Amino acid sequence: MLDLKQIRQNFDDIQAALGRRGDYDLAPLRDLDQQQRELETQRSQLQARSNEIGKAVGQQIRQGADPKGADILALREEGNQVKAQLAELDPQEKDLKGQIEAILLGLPNLPSATTPDGKDETENVEIRRWGDEYIPQAPAGAPLKPHWEIGEALGLLNFERSAKIAQSRFVTLIGQGAALERALFTFMLDRHTRHGYTEVMPPYLVNTASLTASGQLPKFKEESFQCKDDDLWLSPTAEVPVTNLHRDEILPAEDLPLHYCAYTPCFRREAGSYGRDTRGLIRLHQFNKVEMYKFVHPDTSEAEHQTLVADAEAILQALKLPYRVIELCTGDLGFSANKTYDLEVWMPSAQTYREISSCSNCGDFQARRASIRFKVAGQKGTQFLHTLNGSGLAIGRTMAAVLENYQQPDGTVKVPEVLQPYLKPTFRTPKCHTQELRLKPLQTGHSRLLQFILTTFRTFLTRIGY
RNA sequence: GGAGAGGUGGCAGAGUGGUCGAAUGCGUCCGACUUGAAAUCGGAUGUCCCAAAAGGACCGUGGGUUCGAAUCCCACCCUCUCCGCCA
């Protein structure tokens, strides 16, 4: 939320800054604000008189005046008149306040002075690339396969059955596929917690107030799944619950910065994206994500933003996945952000980079919506802190990138080195000693026999104490 | 889901119609006493609106009654205890 006081005092500057993002006219807001303030002055004067009357009546009765006497009755009469006037002004003022609030909640954050201008994603700016040497080259006559083909062939994931269970744009991970997902988020959480982020596991259903505080509501209602009976929504990102961890709080300045990370499923309706990325793990209604989140002192938020991006990059580097960093231009900036870096990972099948992380500085925009402030001990007053969030990383897209970048000519997929400790085989699953993801395609009669033998063998191993 | 209790300042906790933004205790800060500390004593100590003074708002939230509501009425939310159900 923008600061109404700022809009009042620096109208032209704010209008210009907002103009860099799109077509916004703040003039109506300014007029409403002016009307509201005039009404407020009137109203509080009436209120003062009303308070005076109330006190006078009390005092006189206490001093022995007849509660039904003429003096008291006259005061009461005046009190009633004041009340009648207030009854007229009050709804007007509330209405104005409501209108102002509605407009403010619908305005996006101001872009940072350093955010490049641009109309849409085509004008984003590439900052740097990493890992060109890891870009896989297709052998002659055998183009690199898309991740959904690899995944389905190895039996790691299944879309058809997911549509049966839920709808299209859902996935079920199976066997080593599920294990890979688990390895990925465990690896990421381990990294982040080592780097000082406190792991949180928040509720995945959030209420309207929480979604409003982080900026998803009221403007992006159609993007979230809603549980209409309960004032609850399926969280579209851990950014929502984590922002609201400290909603309506005043934190001691010495507690800052607070760094959190959270692994959560994310639910998005993806309304308006029909026809885009209909295959694979790129755009699902439900996906898992590890999120990093920071509550920081305003003076440090730019530096914190850089380290946030670095922490996300560290994951891609550890996985040896080629990527590039781009800075979003004003036209592509998210609603709550004043500056955003996206990490895009190399997807060999499409021969292009795809977004895998988005790291934003929200300045005090969310803090103001959520009323999250800090207080310096011994100093008067409070200040809004700054919030930052970044994916570190989206798990499904990371899996897609791993499957594609680590695919082998023989149809198997190598496990990235840093994940191997997480996918270490156990005695009971000797098959995994290969360190490769290998799963049978849908069973034929012949493989059923194999399956039977394997199962019997495993049962035997378990029996004898393995 | 059923029954009961309750939501007040950083915390504990009083306050059932009037001078209550709110006793008291604890905590915190400043000062005095002390070589220093403890103890003791004195003072201060919430947030928001308004450029500020004045003024106004805030006792879970939203309505209502009243000249006047922390206090009475209604609805909702939340917490706790017991019962039921359940991983």
Side-chain angles (χ1 to χ4, degrees), chain A residues 1-11 29-30 32-102 104 201-213 227-233 241 244-256 265 364 367-385:
Chain A
M1 188 149 62
L2 302 183
D3 184 0
L4 192 55
K5 202 188 282 182
Q6 283 290 319
I7 294 175
R8 200 180 292 145
Q9 288 166 354
N10 305 316
F11 184 82
L29 179 62
R30 179 178 53 186
L32 286 172
D33 178 47
Q34 183 135 17
Q35 289 176 46
Q36 188 272 326
R37 293 179 67 198
E38 280 163 16
L39 268 180
E40 182 173 319
T41 309
Q42 280 182 50
R43 203 218 55 226
S44 78
Q45 278 166 1
L46 281 172
Q47 202 74 257
R49 179 59 191 149
S50 171
N51 290 345
E52 240 171 14
I53 293 169
K55 273 184 190 164
V57 171
Q59 220 155 31
Q60 291 189 21
I61 292 177
R62 184 168 292 262
Q63 284 165 2
D66 175 7
K68 298 253 162 79
D71 286 355
I72 303 270
L73 284 180
L75 280 172
R76 280 195 191 175
E77 180 49 35
E78 192 190 344
N80 273 324
Q81 281 172 13
V82 170
K83 198 161 66 164
Q85 288 174 289
L86 279 171
E88 266 187 52
L89 293 186
D90 226 35
Q92 286 179 41
E93 202 198 334
K94 271 197 185 140
D95 179 54
L96 284 171
K97 275 192 167 161
Q99 288 184 51
I100 290 167
E101 178 87 353
L104 278 176
M201 206 173 252
Y204 306 147
L205 299 193
V206 296
N207 58 33
T208 300
S210 292
L211 277 166
T212 307
C227 311
K228 287 201 167 136
D229 291 341
D230 295 292
D231 184 34
L232 287 171
W233 308 66
N244 285 278
L245 209 51
H246 294 296
R247 173 151 53 92
D248 294 324
E249 288 185 25
I250 299 171
L251 304 166
E254 62 267 25
D255 284 5
L256 300 179
D364 64 5
R368 182 170 276 111
R369 284 177 162 247
S371 186
I372 308 172
R373 292 165 288 170
F374 67 93
K375 183 177 175 63
V376 180
Q379 275 182 30
K380 210 171 156 53
T382 57
Q383 251 189 93
F384 289 110
L385 46 71

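Since the structure is predicted, the reported quantities are computational estimates derived from the model, not experimental observations. These numbers come from the heavy atoms of this one structure, side chains and all, not from hydrogens, waters or symmetry mates.
Applying the 4.0 Å criterion to OP1 and OP2 of B:C67, one finds that A:Lys83 has a side-chain N or O inside that range. Dashed line: the shortest gap from a side-chain N or O of A:Asn51 to OP1 or OP2 of B:G56 is under 4.0 Å. For A:Arg49, no side-chain nitrogen or oxygen approaches OP1 or OP2 of B:G55 to under 4.0 Å.
The separation of B:A69 from B:G63, taken at their C1' atoms, amounts to 14 Å, rounded to a whole angstrom. Taking atom P on both B:G1 and B:G13, the two are 29 Å apart, rounded to the nearest angstrom. Distance noted for atom P between B:G17 and B:C73: 12 Å (whole Å). Rounded to whole Å, the separation between the C1' atoms of B:G15 and B:A37 comes to 39 Å. Across the C1' atoms, B:G10 and B:G4 are found 31 Å apart, a figure rounded to whole Å. The C1' atoms of B:C58 and B:A70 are separated by 11 Å, rounded to the nearest whole Å. The gap from the P atom of B:G27 to that of B:U79 amounts to 31 Å, rounded to the nearest Å. Nucleotides B:A32 and B:A38 are separated by 15 Å at their C1' atoms, to the nearest Å.
You'll find that the side chain of A:Lys94 is closest to B:G63, out of B:C48, B:G56, B:G63.
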Using a 3.5 Å cut-off and no angle test, enumerate the donor-acceptor pairs between side-chain atoms of residues 72-88 of chain A and protein atoms at least two apart in sequence or in another chain.
residue, atom, partner, partner atom, Å
A:Glu78, OE1, A:Arg49, NH2, 2.7
A:Glu78, OE2, A:Arg49, NE, 2.7
A:Glu78, OE2, A:Arg49, NH2, 3.2

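Here B:C82 sits opposite B:G2 as a Watson-Crick or G-U wobble pair (both hydrogen-bonding atom distances under 3.5 Å). With a cut-off of 3.5 Å on both pairing distances, the Watson-Crick or G-U wobble partner of B:U45 is B:G27.
Both A:Ile61 and A:Thr382 sit near RNA chain B, but only A:Ile61 has its closest nucleotide nearer the 5' end.
When rounded to the nearest whole Å, the span between CG of A:Asn207 and C1' of B:C76 equals 14 Å.
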